[in-house]
Amino acid sequence: MAKRYWLMKSEPGVYSIDDLERDSSTLWDGVRNYKARNNMRSMKVGDEVLYYHSNANPPGVVGIARVCREAYPDPTQFDSRSKYFDGKSTRADPRWWLVDIEFVARLPRLVSLEDVKSDPALADMELVRYGRLSVQAVTREEFARVKRMGGA
DNA sequence: GCCAACGTTGGC
DNA sequence: GCCAACGTTGGC
């Protein structure tokens, strides 16, 4: 299976690229959207990720990460003290899955949402067509282009 | 803080 | 299975 490419969103106030660089890797918990979950379940170790800051000023892609552990159940769904607790999920049949990602690099220049939207070559990105999905697939070409726009 | 564009839930 | 009501995301 060829390497694939993704875009993952995080609010910098919750977990920024700086946090990822400091931690070196993290588990991507708290995703409670089926499409995003399905995307994570199809990820393979080595897949590359555009790291996107949402609810930021300006919002945009700030770095590159890499999948370092394939999908396993999101532990927060079983933790009644977590805000991500899901009483309808069981350990035998977990509803929510996540992957681990590791820090690769920071982009020398931020590629803002506005930059992405105004580039005709990126008009088909899910980020443009359907903004709200927090874990999206991107094509190899889109990934390469955003990376280049970011000065990497 | 507003609100558009979604997704989810649950009554029927 | 429909759909109204409600919740969430995320740009602005």
Side-chain angles (χ1 to χ4, degrees), chain A residues 4-23 25-43 47-67 71-139 141-143 145-152:
Chain A
R4 290 198 285 175
Y5 301 89
W6 309 93
L7 179 146
M8 294 168 86
K9 293 184 186 177
S10 184
E11 299 190 27
V14 177
Y15 197 85
S16 71
I17 188 83
D18 303 298
D19 296 318
L20 183 61
E21 182 171 25
R22 183 198 62 222
D23 295 344
S25 73
T26 193
L27 72 177
W28 206 253
D29 60 9
V31 170
R32 294 295 179 267
N33 171 283
Y34 287 106
K35 218 170 180 177
R37 178 205 67 180
N38 293 345
N39 282 338
M40 286 201 288
R41 283 209 293 207
S42 66
M43 289 179 182
D47 282 2
E48 291 198 78
V49 176
L50 297 172
Y51 199 98
Y52 180 93
H53 277 174
S54 61
N55 267 321
N57 190 17
V61 177
V62 293
I64 307 292
R66 187 191 295 123
V67 176
Y72 58 101
D74 182 340
T76 63
Q77 70 195 304
F78 306 122
D79 178 359
S80 58
R81 289 160 309 176
S82 169
K83 68 168 177 167
Y84 299 123
F85 177 70
D86 184 345
K88 292 177 184 162
S89 188
T90 65
R91 286 180 192 276
D93 185 21
R95 185 181 285 199
W96 305 111
W97 296 68
L98 51 69
V99 296
D100 287 359
I101 62 170
E102 62 188 358
F103 178 83
V104 173
R106 185 184 296 277
L107 286 180
R109 286 194 306 273
L110 173 137
V111 180
S112 71
L113 178 61
E114 195 182 353
D115 295 336
V116 171
K117 280 182 171 169
S118 59
D119 184 344
L122 300 176
D124 285 335
M125 279 186 76
E126 259 179 291
L127 190 64
V128 177
R129 294 188 301 124
Y130 170 54
R132 294 192 335 154
L133 191 61
S134 64
V135 180
Q136 314 178 349
V138 303
T139 68
E141 291 73 23
E142 288 162 351
F143 184 90
R145 187 167 183 88
V146 171
K147 204 170 152 180
R148 198 172 335 116
M149 287 164 74

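When reading the values below, keep in mind they use all heavy atoms of this one structure, side chains included, and skip hydrogens, waters and symmetry mates. Chain identifiers are assigned alphabetically (A, B, ...) following the order of the sequence lines, protein sequences preceding nucleic acid strands; residue numbering begins at 1 within each chain.
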K.L.:
Figure out the NZ/P separation between A:Lys9 and C:dT9, and round it to whole Å.
P.N.:
11 Å
K.L.:
Checking contacts here: which listed nucleotide (C:dG10, B:dT9, C:dG11) is nearest the side-chain heavy atoms of A:Ser134?
P.N.:
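Looking only at side-chain atoms, A:Ser134 lies closest to C:dG10.
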K.L.:
Send over the distance from A:Leu133 CG to C:dT9 P, rounded to a whole Å.
P.N.:
12 Å
K.L.:
Can you tell which of C:dG11, B:dT8, B:dC6 lies closest to the side chain of A:Tyr130?
P.N.:
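From the listed options, B:dC6 comes nearest.
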K.L.:
Is a donor from one side chain sitting under 3.5 angstrom from an acceptor on the other, for A:Trp6 and A:Asn39?
P.N.:
no
K.L.:
Among B:dT8, C:dG10, C:dT8, which nucleotide has an atom closest to any side-chain atom of A:Ser54?
P.N.:
C:dG10
K.L.:
Nearest-nucleotide wise, let me know which of A:Arg95 and A:Arg132 is further upstream toward the 5' end of DNA chain B.
P.N.:
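Its nearest nucleotide being more 5', the pick is A:Arg132.
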K.L.:
Over how many whole Å does the gap from A:Arg37 atom CZ to C:dT8 atom C1' extend?
P.N.:
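Rounding to the nearest Å, CZ of A:Arg37 and C1' of C:dT8 are 18 Å apart.
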K.L.:
Strictly under 6.0 Å, is that where the ring centroids of A:Trp96 and A:Tyr72 end up?
P.N.:
no
K.L.:
Would you call the rings of A:Trp28 and A:Tyr15 parallel, tilted or perpendicular, where under 30° means parallel and over 60° means perpendicular?
P.N.:
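Plane angle over 60°, so perpendicular.
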K.L.:
Taking the side chain of A:Tyr52 as its heavy atoms from C-beta onward, which of C:dG10, B:dG10, C:dG11 lies nearest to it?
P.N.:
C:dG11
K.L.:
Rounded to the nearest angstrom, tell me the gap between atom CG in A:Asn55 and atom C1' in B:dA4.
P.N.:
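In whole Å, B:dA4 C1' and A:Asn55 CG are 15 Å from each other.
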K.L.:
Check the distance between C:dT9's C1' and A:Glu126's CD and give it to me in whole angstrom.
P.N.:
15 Å
K.L.:
Just checking A:Lys35: base, sugar-phosphate only, or nothing, at a heavy-atom cut-off of under 4.0 Å?
P.N.:
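Since no nucleic acid heavy atom lies under 4.0 Å of A:Lys35, the category is nothing.
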K.L.:
Take atom CZ of A:Arg129 and atom P of B:dA5, then tell me their distance rounded to the nearest Å.
P.N.:
16 Å
K.L.:
Measure from the side chain of A:Lys88, starting at C-beta and using heavy atoms only, and say which of B:dT8, C:dG10, B:dG10 lies closest.
P.N.:
B:dG10
K.L.:
Going by distance alone, is a donor N or O of one side chain under 3.5 Å from an acceptor N or O of the other, for A:Asp115 and A:Ser112?
P.N.:
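Checked: A:Asp115/A:Ser112 side chains pair up, N/O donor to acceptor below 3.5 Å.
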K.L.:
Nearest whole angstrom, please: distance from the P of C:dT9 to the CZ of A:Arg32.
P.N.:
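Those two atoms, CZ and P, are 11 Å apart.
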